[in-house]
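Both ligands and their constituent atoms are indexed starting at 1 by order of listing.
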Amino acid sequence: MRRKIVAGNWKMNLNSQEARQLASEVVNMVKDEVRNGVEVLLFPPFVHLSQVGQLVVERKNIFCGAQNCSALPSGAYTGEISASMIESVGAKFVLIGHSERRQYFNETNEVLAQKVLRAFENNLSPVFCCGELKEEREKGKHFETVSRQIEEGLFHIKSSDFSRVVIAYEPVWAIGTGLTASPAQAQEMHLFIRNLLSKKYGSLAGEISILYGGSCNEQNAAELFSLPDIDGGLIGGASLKSRSFVNIIKSMA
Ligand code: PGA
């Protein structure tokens with residue numbers, strides 16, 4: 001079944017106390033929504049993963065995940081964090097291919113395809129991010145970009161695993177800019193992605209949750225989430241305050 005998901009990507013924000021406070025507030029404020037089947041995912045920085053994991057462990061439909069994982073399983077790679085370490089502190093998800101990783105850390109589709117494998121080997125569900133740059137949309141190349149990201153980053157996954165993938169469409173020009181894709185632009189791309197998935201995985205495509213991300217907030221979430229192929233959101237800035245994040249979750253419910 002296609003799940004309704006609202007995810008908060010905290011990026012490189014919040015100290016330990018702030019992370020604990022935000023996670024506890026969210027957990028306490030979304031009881032009805034999660035009871036009604038909305039899944040809430042929290043993506044804190046690595047160092048807070050363990051404590052946030054403990055706060056959500058007993059909660060139905062609230063999970064935490066990492067913002068990234070290494071493409072390698074283990075070994076002498078100073079500063080890297082493996083998928084198995086992430087799983088061992090209670091995380092269930094991992095963001096893979098966020099545009100900031102692609103842009104500032106040169107992560108290619110080839111490397112991301114490896115990260116997706118590491119996630120599956122360690123029982124983590126990948127939230128695979130895709131999205132075009134402003135110039136690509138202006139030149140009409142946005143479908144081409146997104147299909148290449150998905151084909152090269154995800155299509156090596158076998159059907160039996162694919163149902164655990166979540167996709168987040170985040171146009172790069174909308175991330176952190178206050179510009180949101182219009183509901184029509186977002187729905188058009190989400191449907192395009194679902195059709196692409198169905199060419200490879202058949203009816204499984206109907207089961208995959210496709211989230212929208214990019215300046216999603218309390219004002220625009222309800223309209224975006226009402227569209228037939230938008231199954232939730234990946235929220236950056238607006239996930240750092242419990243009130244605004246919870247209001248976005250309520251607009252999903
Ligand atoms: P934003 O970030 O909501 O601040 O635009 C979204 C994201 O990067 O996941």
Side-chain angles (χ1 to χ4, degrees), residues 4-14 18-19 22-23 26 38-46 48-49 52 63-69 91 93-107 112 115-116 119 124-134 136-137 142 145-146 149-150 153-154 165-183 185-186 189-190 193 209-225 227 230-252:
K4 293 178 186 303
I5 298 173
V6 181
N9 173 11
W10 297 356
K11 308 194 181 184
M12 196 170 73
N13 293 295
L14 308 180
E18 291 162 342
L22 176 57
V26 171
V38 177
E39 283 182 29
V40 175
L41 316 184
L42 301 176
F43 290 92
F46 285 127
H48 307 324
L49 205 50
V52 174
F63 305 99
C64 72
Q67 297 173 15
N68 179 31
C69 71
F93 290 82
V94 58
L95 290 181
I96 293 182
H98 190 280
S99 74
E100 288 150 16
R101 302 293 319 168
R102 294 175 185 266
Q103 199 176 344
Y104 305 134
F105 302 95
N106 304 320
E107 295 192 358
L112 299 175
K115 295 190 178 204
V116 170
L124 296 170
S125 292
V127 177
F128 186 84
C129 306
C130 57
E132 79 284 358
L133 303 169
K134 184 162 174 276
E136 290 168 327
R137 181 161 282 267
H142 42 299
T145 298
V146 169
Q149 289 169 337
I150 290 178
L154 274 183
V165 171
V166 174
I167 292 185
Y169 167 60
E170 301 199 298
V172 179
W173 48 271
I175 295 177
T177 57
L179 293 173
T180 317
S182 69
Q185 285 172 324
M189 182 60 88
H190 282 230
I193 292 171
S209 299
I210 307 178
L211 316 183
Y212 170 79
S215 299
C216 186
N217 58 35
E218 296 170 78
Q219 281 73 43
N220 57 32
E223 188 178 8
L224 288 161
F225 296 169
L227 295 163
I230 300 185
D231 307 306
L234 177 55
I235 320 299
S239 73
L240 292 173
K241 293 263 180 294
S242 55
R243 176 54 59 197
S244 56
F245 186 54
V246 168
N247 283 340
I248 294 171
I249 296 167
K250 287 186 192 298
S251 62
M252 178 88 258

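- When only interatomic distances are considered, the shortest N/O to N/O separation between T177 and ligand 1 does not fall below 3.5 Å.
- Checked by distance only, ligand 1 and G237 come closer than 3.5 Å through their nitrogen or oxygen atoms.
- Atoms of ligand 1 lying under 4.0 Å from any heavy atom of H98, numbered from 1 in the order shown and given with element: 7 (C), 8 (O), 9 (O).
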Check the pair V166, L41 against side chain to side chain contact (heavy atoms under 4.5 Å, CB included), reporting the backbone distance first and the verdict last.
CA-CA 12 Å; V166 174; L41 316 184; 5.8 Å; no
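- Geometrically, ligand 1 and G176 share a nitrogen or oxygen pair separated by less than 3.5 Å.
- How far CG of L224 is from CG of D231: 12.0 Å, rounded to the nearest 0.5 Å.
- Residue-ligand proximity: G214 is placed with a non-hydrogen atom under 4.0 Å from ligand 1.
- Proximity to I175 (heavy-atom distance under 4.0 Å) selects the following atoms of ligand 1: 2 (O), 5 (O), 8 (O).
- Note that NZ of K134 and CG of L179 are 8.5 Å apart. Values are rounded to the nearest 0.5 Å.
- Using the six-membered ring where Trp is involved, H190 and Y169 have ring planes that are perpendicular, over 60° apart on the 30 and 60° scheme.
- R137 contributes no side-chain N or O that, together with a main-chain N or O of H142, makes up a donor-acceptor pair within less than 3.5 Å.
- Remark: ligand 1 atoms within the under-4.0 Å shell around heavy atoms of E170 are 6 (C), 7 (C), 8 (O), 9 (O).
- Counted within 6.0 Å of CD on E223, heavy atoms from surrounding residues, nucleotides or ligands total 12 or fewer; the atom is thus considered open.
- Taken from CZ in F63 to CG in L124, the straight-line distance is 12.5 Å, to the nearest 0.5 Å.
- For atom 3 (O) of ligand 1, the closest non-hydrogen atom of the protein is G236 N, 2.9 Å.
- For ligand 1, the atoms lying closer than 4.0 Å to a non-hydrogen atom of K11 are 2 (O), 7 (C), 8 (O).
- Expressed to the nearest 0.5 Å, how far NZ of K115 lies from CG of N68 amounts to 3.5 Å.
- Which parts of ligand 1 touch N9 is read off a 4.0 Å heavy-atom cut-off, strictly below it: atoms 9 (O).
- Proximity of A174 to ligand 1 is established by a heavy-atom distance of less than 4.0 Å.
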